[in-house]
Amino acid sequence: MNKRFSAILIPIISVLIALAISTVIILLIGKNPLTAYSALIRGSFGSKQAIADTIIKTTPLILTGLAVGFGFRAGVFNIGAEGQMVMGALIAAAFAGNFGFLPPIIAIPLTILIAMAVGAGYAAIAGFLKAKTGAHEVVTTIMLNWIATYFASYMVTGPLKVGSGTPKSPEIANSAQLPILMKVGAIEVSAGIIIAVVAAIFMYILLNKSTTGYEIKAVGFNPYAAEYGGISVSKNIILAMAISGALAGLAGATELMGVHHRFLGELSGGKGFDGISIALIGQNNPIGIIFAALLIGALRTGSNEMQFVGVPKHMVMIIQGIVIFLVAADRIVRTIMIRKKVTK
Amino acid sequence: MYAVEMVNIVKKFPGVLANDHVTIRIKKGEIHAIVGENGAGKSTLMNQLYGLYHPDEGDILINGQKVTIKGPKDAIKNGIGMVHQHFMLVDTLTVAENIVLGSEPVKGLNFDIKEARKQVKELSEKYGLFVDVDAKIEDIPVGMQQRVEILKTLYRGANIIILDEPTAVLTPQEVEELFEIMRKLKSDEKTILFISHKLHEVMEISDRITVMRLGKVTGELETSKTNPKEIARHMVGRDVVLRVEKAPHKSKEKVFEIKDLVVKDNRGLVAVNKVSFDIRKGEIVGIAGVAGNGQTELVEAITGLRKIEDGKIYFEGKDVTHFTPKQLRELGLAHIPEDRLKHGLIEEFEAYYNVILGQHYKPPFSNGTFLNHKEIFEYTKNIMEEFDVRPRRIQHLGGNFSGGNQQKLVVGREIRMNPKFLVVAQPTRGLDVGAIEFIHKQILKMREMDVGILLISMELEEIFSLSDRIIVMYEGEIMGEVKPEETTVEEVGLMMTGQRLVEARRG
Amino acid sequence: FKAIMVTDTGGLGDKSFNDGTWAGVKRAAAELGIDAQVIQSYEQADYVSNLTKAAQEIQKEPDGGIVYAVGFMMTDALFEVAQQFPDVYFAGIDIAPSSDNVPPNVICFLFKEQESAFLVGYIAAATTRANKVGFIGGIPIPPVERFRYGFETGVKVFNDLHGTNVQIIKGYTNQFSDPKKGKDLALSQFAEGVDIIFHASGACGNGVIEAAKEKMVSLVGKDDLKSILEYAFEKGGYFAMGVDVDQDYMAPGVVLASAMKGVDTASYLGVKWAYEGNWTPGIHKLGLAENGVRMSPMKYTKGLVENRTLAELAYLVTLIKKGILTVPETEEALKSFRTPNIVFPF
Amino acid sequence: MRVLEAIFLVFINPLFYKITLTAATPLIFASLGGVYSEITGVVNIALEGIMLMSAFTSVVFTYLSGNVWVGVLMAVISGLAFSWIHAWGSIKWAGNQVVLGTALILIAQGVTGFLMEPIFGKPGQTDFVGKVEELKIPGLSNVPFFGKIFGELSPFVYMAFAAVAFSWWLIYKTKLGLRMRAVGENPEAADTLGINVFGIRYFGVLMSGVWAGLAGAYLSIGEVGHFRELMTGGRGFIALAAMILGKYNPVGAMLASILFGASSAFANQMQSSSLIHVSATVKPLFDMIPFILTIIVVAGFVGKSRAPKADGIPYEKAS
Ligand SMILES: Nc1ncnc2c1ncn2[C@@H]1O[C@H](COP(=O)(O)OP(=O)(O)OP(=O)(O)O)[C@@H](O)[C@H]1O
Ligand SMILES: Nc1ncnc2c1ncn2[C@@H]1O[C@H](COP(=O)(O)OP(=O)(O)OP(=O)(O)O)[C@@H](O)[C@H]1O
Ligand SMILES: [Mg+2]
Ligand SMILES: [Mg+2]
C-alpha cells in the first residue's frame with residue numbers, strides 16, 4: 001500500500017472503528033448515535049464558530065506535538081512538555097504584564113522569546129543532567145513537571161496574584177497580545193495558529209535541511225557514530241532538549257498571548273501529555289503532527305457539542321483513547337483493511 | 001547416510017530470491033563447508049534449517065526422515081544447533097545462564113544455578129571449551145562468546161551443528177582452538193556445517209565444500225581434490241588475486257607519532273601502557289595482537305574517542321594529545337572503525353547522510369547552516385560508483401545494506417576525505433574474498449598517495465601482506481617491532497602471546 | 001424558558017459548587033416546569049465556547065433563559081460572553097467580577113465562606129483537648145482562603161474570650177482530587193499533635209475525614225457510632241470538620257461539624273429571579289444573614305460540645321447577622337482583626 | 001535554628017516513618033508492575049490508567065458485594081484485563097508502546113468517569129464503600145517507637161514488601177525470571193533457544209496489571225474507602241520514575257519508592273510543623289521537596305540507569 005496514502009487512511013479508519021465501538025455504548029445509554037455523531041461533526045467543523053473552536057484547540061496541540069516529536073527525533077523522550085509550557089507561559093506573563101510601553105512589533109516577539117527561552121532553559125536542565133550525569137530524562141522531566149505545577153500554583157496564589165477570583169496573573173499588556181485573525185462572538189482566533197504552522201515548517205527545515213538538524217538526528221540515532229563523526233554528543237543532547245522545550249514554551253506563549261491573555265493555573269491542562277500521542281500519531285513528522293493535532297482538536301471540540309444531545313464528556317475521552325490506540329497499533333487496522341479487500 | 005538433506009529449497013524475500021532451488025546434502029559425521037560471496041544465501045539457507053525462516057518450497061530431511069521445522073524448538077528437537085553469524089547472546093546474563101537458557105535445570109521452584117554451572121563446567125572440560133561460567137557476556141571477549149555459543153548447542157545435545165562464519169571475529173590462535181574443538185566434535189560423531197569466507201580455513205578443516213553464488217549452488221567439491229583458486233572461481237565467477245604486490249616504502253617524514261601513551265578501558269583498568277611508535281608518510285604500520293590486548297583502546301585514543309591518561313600524540317609534529325575527533329579530522333585524520341555498526345554507520349540514515357558524516361558541516365556539503373543536498377547526492381553517487389556499493393541507491397538506509405556494502409561505504413567515505421593519516425581497524429571482517437581484494441587495493445592506493453596508515457587487524461595474513469612494519473601488542477604493551485619480510489608468522493604469533501621480540505628470536 | 005449550566009473543569013461530582021449549583025438549578029426547574037441542562041468543560045479553553053453555545057441555545061427559546069457559569073475559574077469567560085448576549089441572563093457562582101460594574105444581564109453569587117468557617121473554628125477551639133487544631137486547604141484560591149480566614153478568626157475569638165491558647169497548624173494539598181494526599185497531610189498534622197482538622201480541600205478532604213476516622217477507630221477499638229461518641233465524650237479523640245455540604249454522613253461521629261455553603265440556594269434563586277423577571281443584576285454576597293452559608297446541625301456530635309458553647313455560638317451568629325461582628329474576608333483584614341468586646345448575655 | 005530543630009523532630013517522630021510507608025506503598029506496587037513489564041521489553045506508561053481502573057473496580061465490587069476482599073480480587077482481575085489490552089496492542093500487533101499507554105490512560109479516565117453515573121447514580125466520587133481493615137499486631141503496639149510505626153498498618157503495606165521479595169525471587173532466582181530478563185534484553189536470542197518470546201512478554205505485562213491493580217485498590221479501598229475521579233493523581237508516572245531510578249530492579253524500585261514516600265512525608269510534616277512559621281502562600285513550595293530531592297538523587301548518586309536493551313521495541317518474528 002502507498003505509504004502516504006495509508007498514513008492518511010489509517011487515522012480515518014481508526015476514527016470509524018472507534019465510532020463503531022462507541023455506538024454500542026451510546027445505544028446502551030439510550031441515546032441516538034446518529035444525533036450524537038452529527039453533533040460531533042457539527043461541533044467541530046459545522047459552523048464558523050465550530051471551526052474557530054477547533055483551531056483554538058488545535059494550536060497548542062500542534063506545538064506540544066512538535067516539542068515531543070522533536071525530542072523523539074533527537075533520541076530523547078521529553079515527557080516534560082507540560083512543565084516547560086507552564087514555566088514559559090508563567091514567566092512570560094510576569095514580564096508581559098509590564099510591556100504596555102512597548103509597541104506590539106517589539107512586545108509580541110519579546111514575549112514569545114521569553115516564553116521560548118524559559119521553556120528551553122527548563123528543558124535544558126533535564127538535557128544537561130542527562131548529558132553530564134546520565135540521569136534519565138523521563139525521570140527528570142516528570143519531576144520537573146511537578147515542580148513547575150507547584151511553582152506556578154505558588155506564583156498565581158502568591159506573588160503574581162491579582163483580583164479576588166481565579167488564581168491568575170495580571171492581564172498581559174495589550175501590545176503583547178497576539179493579533180486576532182477571526183472573531184466569532186466572544187470566540188477569538190489569534191495568530192497563534194500561524195505561529196504553530198510556522199513552527200512546524202521551522203522544525204521541518206531544521207530537521208531536514210540544516211546542519212544542526214543533521215547533528216541532532218545523528219546523536220539521537222547513534223551517539224557513538226555521531227561522536228566518531230566529530231559531533232559533540234552532550235552539546236547536542238542539551239540542544240535537542242532545549243529546542244524541544246522552546247517549542248513547548250511557545251505552546252505556552254500562544255495560549256497566554258492568544259487565548260487567555262494571562263497566566264491561569266490550568267493553562268497547560270495536560271496538553272504537554274497530549275503532545276506525546278500527537279507526536280507519535282504524526283510519526284514525529286511536522287506535517288503529520290499538524291494533522292494529528294487537528295484530529296484530536298476536532299474530536300475535543302466536537303465532544304462539547306455532543307453534550308448538548310446528552311452524551312457525556314467522558315464518552316469523547318473514550319473515543320479519543322480508542323482512536324489513539326488504533327493508530328498506535330495500526331496493524332490492527334491494516335489487517336482489517338486487507339481482510340475487507342480479500343473478501344471483496 | 002546423510003545427516004541433513006535440503007532439497008530444492010526456494011526462499012524469496014521482497015525483491016530478492018535468496019535461495020533458488022538449493023539442494024545440499026551433508027553426510028553424517030563430516031565437516032561440511034559452505035562458501036560463497038556476501039549475500040549468496042548461505043545464512044538464509046541455514047536459518048531455514050534452524051527454523052528461523054520457512055522455505056517457500058523444498059524439503060528438509062534429517063537422517064533420511066522428512067521433517068517440518070516450525071521454529072528453533074523443532075530444530076533443537078531434531079538435534080540441530082546453530083551458532084549464528086551475529087551472536088545470539090544475552091549481554092546482561094552470565095555465561096552459564098546463557099548456555100542453559102531455555103532448558104534450565106531446576107530445583108523445586110528455583111532455577112538451579114549451581115547445577116547449571118556444574119553442567120556447563122563439565123561440558124566445557126569435556127570439549128576443551130574454556131569459558132568463565134560466572135562472567136557476564138558483556139564482559140568477555142568475542143572468542144569466549146563464540147565458545148559460549150558452541151556450548152549452547154552442545155548443552156542441548158545437538159548432533160548437527162551449524163557454525164555461520166564463526167571465524168570472522170577470531171584470532172588465528174582462536175581459530176586454531178576452534179578447529180581443535182571441531183575435530184573433537186567430529187570424533188564425537190557430530191555433523192558440522194561450517195560457513196567461512198576464508199578459503200585456507202575451509203581447506204584445512206572441511207571434508208567437503210558446497211559453493212553458492214547468487215542464491216544457487218555452483219559447485220560441490222571434495223576438499224582433498226580442490227584448491228583455493230578453484231573455490232574462489234566458483235564463488236566469484238572469475239579469478240581472484242589473493243596476494244598483493246607493493247613497492248618498498250621510502251619516505252622518512254613522520255606524519256604521526258605517539259609517546260608513552262596510557263589509556264584505560266571501560267572498567268577503568270589500564271589497557272594501553274606507555275606505548276610509543278611513529279608512522280611515516282606512505283607507510284603502513286600494522287598492529288598485530290590477540291583481540292582485547294588494548295588495540296581497541298589505542299585506536300579510540302588516537303582518534304579522540306577515548307580519554308588519554310598520560311603521554312603525548314603528535315600529528316605532523318603538532319601536539320594533538322587531547323584533541324576532539326572533530327579537531328583531528330580537521331587536521332586530516334580519517335578512521336575506518338572496527339565496529340561499523342557502532343561507530344561507522346548510522347543505520348537509520350540514508351546512504352547519502354552516512355557518506356558525509358564527519359564532513360557534514362563543511363563546504364560543499366553545508367554552508368555552515370544548511371545542508372546542500374544537491375552536492376551531497378552527487379558526491380554519494382560518485383562514491384557508490386567508485387567503491388561499487390550495492391544496491392546503487394543513495395536513499396538506501398545504512399542499516400539495510402549488507403555488511404560488505406556497509407564496509408565499502410565507510411571505506412569510501414574515509415578515503416575520499418583525502419586524509420593525511422588513516423587509521424584502519426579490522427577492515428575486512430566478515431567480507432568475501434572479492435570484497436577483501438577490493439578493500440586491500442584501496443588501502444594500498446592510499447599508501448601510494450603518501451598517506452600514513454595505521455592498520456589494526458587480527459588477520460595475520462592481512463597484516464603481513466599490507467604492512468611495511470609490524471608492531472605486536474600484548475596486554476597493552478608493545479612486544480616488539482618487525483618487518484614482514486624479516487619475520488615469520490610463528491615469531492609474530494609468539495609475541496602475540498606475550499613474549500618479547502628478543503625472547504621470541506631466542507626461541 | 002431554559003436553564004443551562006456550564007461547569008468548570010472540576011465538573012459534576014465535585015460535591016461542591018458544581019454539584020450544588022446543579023442541585024439548585026434542577027430544583028428550580030422542577031418547580032417552575034422548565035428545561036435544565038448541564039454542559040461540562042474539558043479544559044480551560046472550553047469556557048468561552050461552551051458559554052457561547054449555551055447562550056445560543058437559550059436564544060433559540062421563545063421566552064429566553066439563563067446560563068450558569070460555575071466556579072471562580074470562569075470569571076473572565078463569563079464577562080466576555082455575557083457582553084455578546086445582552087438578551088440572555090447569566091449567573092456566576094463563586095465568581096467575583098474584577099470591577100463593580102457588572103452588565104445588567106449578569107448576577108454574581110458570592111459566599112461569605114468565612115462566616116460559616118468562623119463557627120466551626122469556634123467549635124474546634126472549644127472542643128480540642130490538645131489545644132492544637134488544624135486547617136487543610138486545597139489550592140489557596142480565594143474561597144478556600146476565606147474558609148481559612150473564618151476558621152482562624154473563630155479560633156482567635158474563642159481564645160480571646162476564654163483566655164485559652166489554641167494553636168492552628170495550616171497546610172495545603174495544592175489540589176482537589178487526590179484523597180490519599182489529603183489523608184497523608186492530615187496524618188502529618190495529627191502526628192504534630194493536632195486533634196481536630198477543618199478541611200477546605202474538595203475530594204482531598206475525603207482523605208482528611210478518613211484519616212480522622214482511622215485514628216479515632218483505632219483509639220476506640222470499635223467502629224460503631226455509639227462507642228465512638230461515648231469514647232469521644234469521655235476522652236476526646238480525633239475529629240475532622242467538613243466543608244461546603246454537611247459531611248457528617250461520611251464518618252458519623254468523627255465529622256464534628258461542617259461549614260456549609262448554600263450554593264444550591266443561590267442557583268435556585270437565580271433561576272427563579274430570571275424566570276419571574278425579578279432580576280437584580282450585580283454581586284450578591286450570601287452570608288449567614290442571607291442563608292447563603294451556615295454550619296451543619298451536628299446531628300451526631302452535638303452532645304460532644306458543651307451547651308454553653310452552643311449558646312455562645314448562637315449569640316455570635318446574631319452578632320454576625322447584625323453586622324456587629326465582621327468576619328475578615330481578606331488576609332489584611334485577618335491580620336488587623338481584633339476581637340471586639342463581646343459580652344454574652346448569659 | 002528552628003528549621004533544623006523541626007527537621008530533627010520529624011526524624012524522631014515514629015509517625016513520619018509510618019506515613020512514609022503508606023505513601024510509598026502504592027508506588028512500590030506500581031513501580032513493581034513497571035519492572036515486570038519493562039524487563040520483558042514492553043514499556044508500560046499505562047500504569048496510571050491501570051491503577052485508576054482498578055481503584056474504580058475495587059470500589060464497585062466492594063460496593064456490590066459488601067466485601068472488601070472481593071473488591072481487591074476484582075481490582076487484580078481488572079488490572080489483568082486492562083493490561084491485557086496493552087499486551088495485545090503492543091505484543092500481538094507490535095504497536096507503539098508509549099502511544100498505546102497514553103491511549104489506555106485516556107480510556108481509563110473516560111471509562112471510570114463514564115460509569116460513575118450508571119453504577120453509583122452520581123458523577124465525580126462515590127460514597128464510602130468500605131475499607132480493608134488495618135492489621136493490628138497485638139503485642140507490637142506497646143513497643144515504644146516501633147509500635148507506633150508497625151502496630152497498625154494496612155495489610156497492603158506488608159503485601160507490598162512481600163511482593164518485592166517475591167518478585168526479587170521470581171526475577172532473579174527462577175527459570176521464568178531468567179527468561180523474562182533474557183527476552184527483554186535480546187528476544188532474538190531467546191527465540192532461537194525455543195523460548196516463547198510473546199508468551200513471556202504477555203506474562204510480564206499481565207503481571208504489571210496485577211501489581212498496578214493492587215496499587216489502585218490500595219489507593220481506594222486500602223486507604224480512603226471510596227473512589228474519586230483521577231484519584232491516582234499522577235502516581236503512575238512517579239512509579240515509572242521510581243522504576244527507572246531503581247534500575248529496573250524490584251528492590252531498587254522499592255527503595256526509590258520509599259525515597260519518594262519519605263520525602264513527601266517529610267514535606268507534609270514540615271509544612272505541618274508548628275516550629276516554623278511560613279505564610280500560607282509559601283506552603284505550596286513544600287510540595288516541591290520530593291521532586292527536587294528525586295532529581296538530586298538521580299543526578300547525583302544514581303547516574304545511568306540502563307533500560308533492558310529491547311525495551312520498547314516490538315518483537316517481530318521473521319517468516
Ligand atoms: N530491512 C531491509 N530492507 C531493505 N533491504 C534490506 C533489508 N535487510 C536487508 N536488505 C538488503 O539485503 C541485502 C543483504 O543483507 P544482509 O545483511 O543479509 O547481507 P549479507 O548477504 O549477509 O551480506 P554481508 O556479508 O555483506 O553482510 C542488502 O542488499 C540489503 O540492501
Ligand atoms: N530479512 C531479509 N529481508 C530481505 N532480504 C533478505 C533478508 N535476509 C536476507 N535477505 C536477502 O537474501 C540474500 C542472502 O542473504 P544471506 O544472509 O543468506 O547471505 P549470506 O550468504 O549469508 O551472506 P554473508 O556471507 O554475507 O553472510 C541477501 O543478499 C539479501 O538480499
Ligand atoms: Mg551470512
Ligand atoms: Mg551477512
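Every chain is numbered from 1, with letters handed out A, B, ... down the list of sequences.
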Mind running side chain to side chain contact (heavy atoms under 4.5 Å, CB included) on D/E188 and B/H86 for me, showing each step along the way? CA-CA 11 Å; D/E188 288 87 4; B/H86 310 283; over 6 Å; no
Checking B/L89 against D/N186 for the side chain to side chain contact (heavy atoms under 4.5 Å, CB included) test, could you report, in this order, the C-alpha distance in whole Å, the side-chain angles of both residues, the deciding distance, and whether it holds? CA-CA 7 Å; B/L89 295 169; D/N186 189 344; 5.5 Å; no
Step by step, would you call B/K152 with D/L193 a side chain to side chain contact (heavy atoms under 4.5 Å, CB included)? CA-CA 9 Å; B/K152 269 164 72 176; D/L193 296 175; 3.7 Å; yes
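Neither the backbone nor the side chain of B/K107 has a heavy atom closer than 4.5 Å to any heavy atom of chain D.
For the options B/G108, B/G102, B/G51, heavy-atom pairs under 4.5 Å to chain D are most numerous at B/G102. Heavy-atom pairs under 4.5 Å with chain D peak, among B/D74, B/V106, B/D91, at B/D91.
Between atom NZ of residue D/K175 and atom CG of residue B/D112 there is a gap of 12.0 Å, rounded to the nearest 0.5 Å. For the atom pair CG of B/L109 and OG1 of D/T174, the computed distance is 8.5 Å after rounding to the nearest 0.5 Å.
Checking B/I113, B/N98, B/L93, B/V90 one by one against D/L178, the side-chain contact (heavy atoms from CB on, under 4.5 Å) holds for a single residue, B/L93.
Side-chain atoms of D/R179 never come within 3.5 Å of backbone atoms of B/L101 as a donor-acceptor pair (strictly under, hydrogens ignored).
In this structure, B/Q65 places its CD atom where only 12 or fewer heavy-atom neighbours from other residues, nucleotides or ligands lie under 6.0 Å away. B/K342 NZ: more than 12 foreign heavy atoms inside a 6.0 Å radius.
When all heavy atoms of B/N110 and D/W169 are compared, the pair lying nearest together is OD1-NE1, 2.5 Å. The minimum heavy-atom distance between D/G194 and B/P72, with the atom names listed, is N-CB, 4.1 Å.
Under the ring-ring contact (aromatic ring centres under 6.0 Å, His included) criterion, D/W69 pairs with no residue, sequence neighbours left out.
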